[in-house]
Novice: 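Below are the structure tokens for one structure; questions will follow.
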Amino acid sequence: MRRGVKGPRGKPFVGVLNVLLDHEKPGLLKLGEWTEEYGKVYGYTDGNQRTLVVSDPSMVHEIFVKQFDNFYGRKLNPIQGNPDQDERVHLLSAQGFRWKRLRTISSVSFSNGSLRKIMSTVEDSALDFMKHMEEKSANGEIDMLDAYQEYTMDVIARVAIGQRDNKMFSDQNELLKIVRQIFGGSRKYLMLICQVFPVVGHAIRSLTFKYPKIAPFKLYLMIKKAVMERKEQRDRELENGVEPGEPQDFIDMFLDAKSDDVDFSKEAREDFSKRNMKITKELSADEVVGQCFVFVIGGFDTTALALSYVTYLLTVNPEVQKKVREEVDAEFGDSEIEFEKLGRLKYMDCVIKEALRLYPLASISNSRKCMHTTTVNGVEIEAGVYVQMDTWTLQRDPAIWGDDAMDFKPERWESAKQSEYKGAYIPFGLGPRQCIGMRLAVMEQKVLLTHILKKYSFETGPSTSIPLKLVGSATTSPENVFVQLKPRNQ
Ligand code: HEM
């Protein structure tokens with residue numbers, strides 16, 4: 001306010017945190033209400049953090065892309081640890097040189113070649129999912145959000161941490177239970193205390209990693225066990241003269257990783273050398289665990305939510321569903337779903353893009369930390385200030401998308417190019433820190449939707465909630481997505 005930045009006035013110490021952390025009314029939607037009141041750039045305090053909220057596409061582009069060197073950190077809460085010092089830092093939380101190194105190493109896992117290999121696992125999980133749907137669809141409505149979580153967990157557990165057998169819809173799936181605990185429910189008071197008193201956040205973080213009953217720790221331990229077992233197995237094989245074969249999952253890829261081509265940019269070198277950290281080209285065991293941890297977390301809920309929103313939108317827009325089904329029949333009527341052919345599903349691509357425009361489920365990650373004081377489009381931003389993009393407003397703004405901005409209209413993507421909306425369409429972020437799992441997420445969606453639409457149509461049932469009730473604070477999630485799967489030949 002002293003600097004003439006408008007914004008909602010919060011409570012002492014807490015700022016507007018209590019409003020943002022309301023599980024029943026997602027904070028990411030509240031940002032839009034404030035944008036209407038205060039304009040395209042406004043500010044607030046949340047705990048001890050100062051945050052600027054931006055919904056001007058050219059500013060977004062400037063921050064994410066052109067001035068990346070001034071905005072290479074992300075907005076974190078104290079439980080996520082200190083990005084410069086924490087040993088368990090991972091891609092989502094790291095910044096500066098540590099981020100660059102992890103990003104370079106991890107990118108291999110999402111290259112075209114890797115995705116082609118991953119495709120057979122995705123297809124296998126999709127086929128298994130379909131077997132379960134046969135039984136479940138006969139029993140009435142299905143909460144597809146719940147069901148999709150089974151699928152996305154199966155894929156990511158197999159791809160990232162070497163889960164061998166299929167655990168979908170099984171009571172024995174410990175991993176899914178733990179990850180659901182991490183995502184489920186409101187963490188309002190815990191987050192509030194940690195953000196107002198960061199020291200408590202740091203203490204909770206170290207306790208979390210020492211007290212084996214807490215869900216994130218259980219997950220961390222499970223992944224650590226898998227990594228250590230693999231490391232020992234590989235060491236034994238090497239002793240016996242067996243060279244490592246083709247990597248089976250991300251654990252193998254990260255254990256093999258070298259990051260020779262990391263670019264030591266000026267500011268990254270400064271940030272890192274200040275901390276006097278030891279840098280090796282290979283990842284430490286802690287780092288491998290950290291990477292697998294973030295991929296399990298990042299790859300699970302997001303993709304299940306994206307599939308759920310597509311399902312809801314196809315259910316309430318039967319004419320779009322018909323069109324996408326016709327495309328599926330034309331491209332994959334009798335043939336197998338192959339990686340190379342997924343690109344032919346052009347209309348499905350538009351459907352997926354449009355669903356993510358209307359429901360940008362993970363937009364909380366669209367944030368940056370200002371590392372060096374700078375000016376963006378005439379607005380001075382001080383080092384240490386966080387910038388949160390108001391993705392919901394950007395992606396639904398009639399001034400950008402037209403009068404039909406609120407309509408589900410996949411056709412808009414048939415003629416439009418994503419680059420036309422630079423800074424305004426950011427469901428996966430933008431610039432060097434754009435979502436690394438984007439292509440995997442789209443592939444998973446296309447494979448499963450193709451299988452489902454070949455066999456069933458989505459129809460509303462008595463429990464389908466129209467419109468969706470959205471909840472959550474980290475992601476924006478529908479409370480449920482009940483639909484009926486009606487066999488097509490009936
Ligand atoms: C539809 C599904 C998904 C959506 C909507 C989504 C969305 C996002 C967004 C908005 C960001 C922030 C980008 C930025 O700051 O510019 C992000 C980052 C990230 N996502 Fe995703 N994501 C999805 C799927 C996945 C999957 C499947 C994985 C991994 C298997 C993943 C892993 C990550 C990681 C590691 C980052 C941090 C990247 C970095 O900072 O370098 N995401 N995602």
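Worth saying up front: this structure is predicted, and the values here are computed from it rather than measured. Excluded from the calculations below are hydrogen atoms, water molecules and symmetry mates; all remaining heavy atoms, backbone and side chain alike, are included.
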Novice: Rounded at 0.5 Å granularity, tell me how far CG in Asn317 sits from NZ in Lys323.
Specialist: 12.0 Å
Novice: Is the closest side-chain heavy-atom distance between Val320 and Leu313 below 4.5 Å?
Specialist: no
Novice: Take Glu338 and Arg344 through the salt bridge (Lys or Arg N to Asp or Glu O under 4.0 Å) test and state the conclusion after the steps.
Specialist: CA-CA 10 Å; Glu338 289 167 30; Arg344 293 191 198 165; over 6 Å; no
Novice: Check whether any side-chain heavy atom of Ile364 lies under 4.5 Å from a side-chain heavy atom of Lys75, and answer yes or no.
Specialist: no
Novice: Taking 4.0 angstrom as the limit, do Glu354 and Arg412 come out as a salt bridge?
Specialist: yes
Novice: Listed by chain and number, what are the side chain to side chain contact (heavy atoms under 4.5 Å, CB included) partners of Glu382, not counting sequence neighbours?
Specialist: Arg3, Arg50, Thr373, Glu380, Val385
Novice: Does the Trp34 side chain pair with the main chain of Gly43, one donor and one acceptor, at a distance under 3.5 Å?
Specialist: no
Novice: Looking at Val387 and Val54, what are the two nearest heavy atoms and their distance?
Specialist: CG1-CG2, 3.7 Å
Novice: Give me the atom names and distance for the closest heavy-atom approach of Ile223 to Cys292.
Specialist: CG2-CB, 3.6 Å
Novice: Which residues pass the ring pair (Phe, Tyr, Trp, His ring centres under 6.0 Å) test with Tyr312, sequence neighbours left out?
Specialist: none
Novice: For Gln95 and Lys369: C-alpha separation, side-chain torsions, deciding distance, then whether side chain to side chain donor-acceptor pair (under 3.5 Å) applies.
Specialist: CA-CA 10 Å; Gln95 62 189 31; Lys369 181 177 183 184; 5.1 Å; no
Novice: Check the orientation of Trp413 and Tyr421. Use parallel for under 30°, tilted for 30 to 60°, and perpendicular for over 60°.
Specialist: perpendicular
Novice: Rounded to the nearest 0.5 Å, how far does NZ of Lys422 lie from NE2 of His61?
Specialist: 4.5 Å
Novice: Between Asp349 and Lys353, does at least one N-O distance fall below 4.0 Å, as a salt bridge requires?
Specialist: no
Novice: To the nearest 0.5 Å, what is the distance between CG on Leu449 and CG on Leu345?
Specialist: 9.5 Å
Novice: Scan side-chain atoms only and decide if Asp249 and Gln163 contain a donor-acceptor pair under the 3.5 Å cut-off.
Specialist: no
Novice: Is a donor on one side and an acceptor on the other found under 3.5 Å between the side chain of Gln49 and the backbone of Leu76?
Specialist: yes
Novice: Quick check: does any side chain N or O of Gln388 sit under 3.5 Å from a backbone N or O of Val53, one acting as donor and the other as acceptor?
Specialist: no
Novice: Mind checking the CZ-CG spacing from Arg230 to Leu255? Nearest 0.5 Å is all I need.
Specialist: 7.5 Å
Novice: Thinking salt bridges, do Lys409 and Glu414 make one under a 4.0 Å N-O criterion?
Specialist: no
Novice: Kindly determine whether Tyr72 and Phe97 satisfy ring-ring contact (aromatic ring centres under 6.0 Å, His included), including the steps that lead there.
Specialist: CA-CA 10 Å; Tyr72 53 78; Phe97 171 64; over 10 Å; no
Novice: Could you walk me through whether Thr476 and Trp392 pass the side-chain contact (heavy atoms from CB on, under 4.5 Å) test, one step at a time?
Specialist: CA-CA 10 Å; Thr476 355; Trp392 283 75; 3.5 Å; yes
Novice: So does Lys341 have more than 12 non-hydrogen atoms from other groups sitting under 6.0 Å from NZ?
Specialist: yes
Novice: Using a 6.0 Å cut-off, check whether atom CG of Asn112 has over 12 heavy atoms from anything other than its own residue.
Specialist: yes
Novice: Check this for me: does any side-chain nitrogen of one of Arg116 and Glu340 sit under 4.0 Å from a carboxylate oxygen of the other?
Specialist: yes
Novice: Stepwise, does the side-chain contact (heavy atoms from CB on, under 4.5 Å) test hold for Tyr151 with Thr303?
Specialist: CA-CA 10 Å; Tyr151 164 72; Thr303 315; 5.8 Å; no
Novice: Quick one: closest heavy-atom pair of Thr35 and Ser55, and the distance?
Specialist: CG2-OG, 3.3 Å
Novice: I need the minimum non-hydrogen distance between Val289 and Tyr220, along with the two atoms involved.
Specialist: CG1-CE1, 3.5 Å
Novice: Lys40 and salt bridge (charged side-chain N to carboxylate O under 4.0 Å, His left out): which single residue from Asp397, Asp390, Asp56 fits?
Specialist: Asp397
Novice: Walk me through whether Lys11 and Leu17 qualify under side-chain contact (heavy atoms from CB on, under 4.5 Å).
Specialist: CA-CA 9 Å; Lys11 293 189 174 21; Leu17 254 185; over 6 Å; no
Novice: Is the NZ or CZ atom of Arg357 positioned over Phe408's six-membered ring, under 6.0 angstrom from the centre and within 45° of the axis?
Specialist: no
Novice: What do you reckon, is NZ of Lys224 surrounded by more than 12 foreign heavy atoms closer than 6.0 Å?
Specialist: no
Novice: Calculate, to the nearest 0.5 Å, the distance between atoms CG and CG belonging to Leu92 and Leu102 respectively.
Specialist: 11.5 Å
Novice: Any idea how Phe254 and Phe295 line up, ring-wise: parallel (<30°), tilted (30 to 60°), or perpendicular (>60°)?
Specialist: parallel
Novice: Checking Glu411 against Tyr347: is there a side-chain donor and acceptor pair closer than 3.5 Å?
Specialist: yes
Novice: Could you tell me whether a side-chain N or O of Lys446 sits under 3.5 Å from a main-chain N or O of Leu342, the two making a donor and an acceptor?
Specialist: yes
Novice: Could you tell me whether the side chain of Thr391 reaches within less than 4.5 Å of the side chain of Leu31, counting heavy atoms only?
Specialist: no
Novice: Are the side chains of Met153 and Ile156 in touch, meaning some heavy atoms are under 4.5 Å apart?
Specialist: yes
Novice: For the residue pair Ser114 and Ser109, what are the closest heavy atoms and their distance?
Specialist: CB-O, 3.2 Å
Novice: Rounded to the nearest 0.5 Å, what separation is found between the CD1 atom of Ile426 and the CG atom of Leu356?
Specialist: 12.0 Å
Novice: Under the 3.5 angstrom rule, does the side chain of Lys66 hit a backbone N or O of Ile63 as a donor-acceptor pair?
Specialist: no
Novice: Can you find a pair of side-chain heavy atoms, one from Arg103 and one from Pro432, that are under 4.5 Å apart?
Specialist: no
Novice: Determine the minimum heavy-atom distance between Val379 and Leu52, stating which atoms define it.
Specialist: CG1-CD2, 4.3 Å
Novice: For the pair Phe64 and Asn366, evaluate side-chain contact (heavy atoms from CB on, under 4.5 Å) and give the outcome as yes or no after the intermediate values.
Specialist: CA-CA 9 Å; Phe64 272 157; Asn366 279 335; 3.9 Å; yes
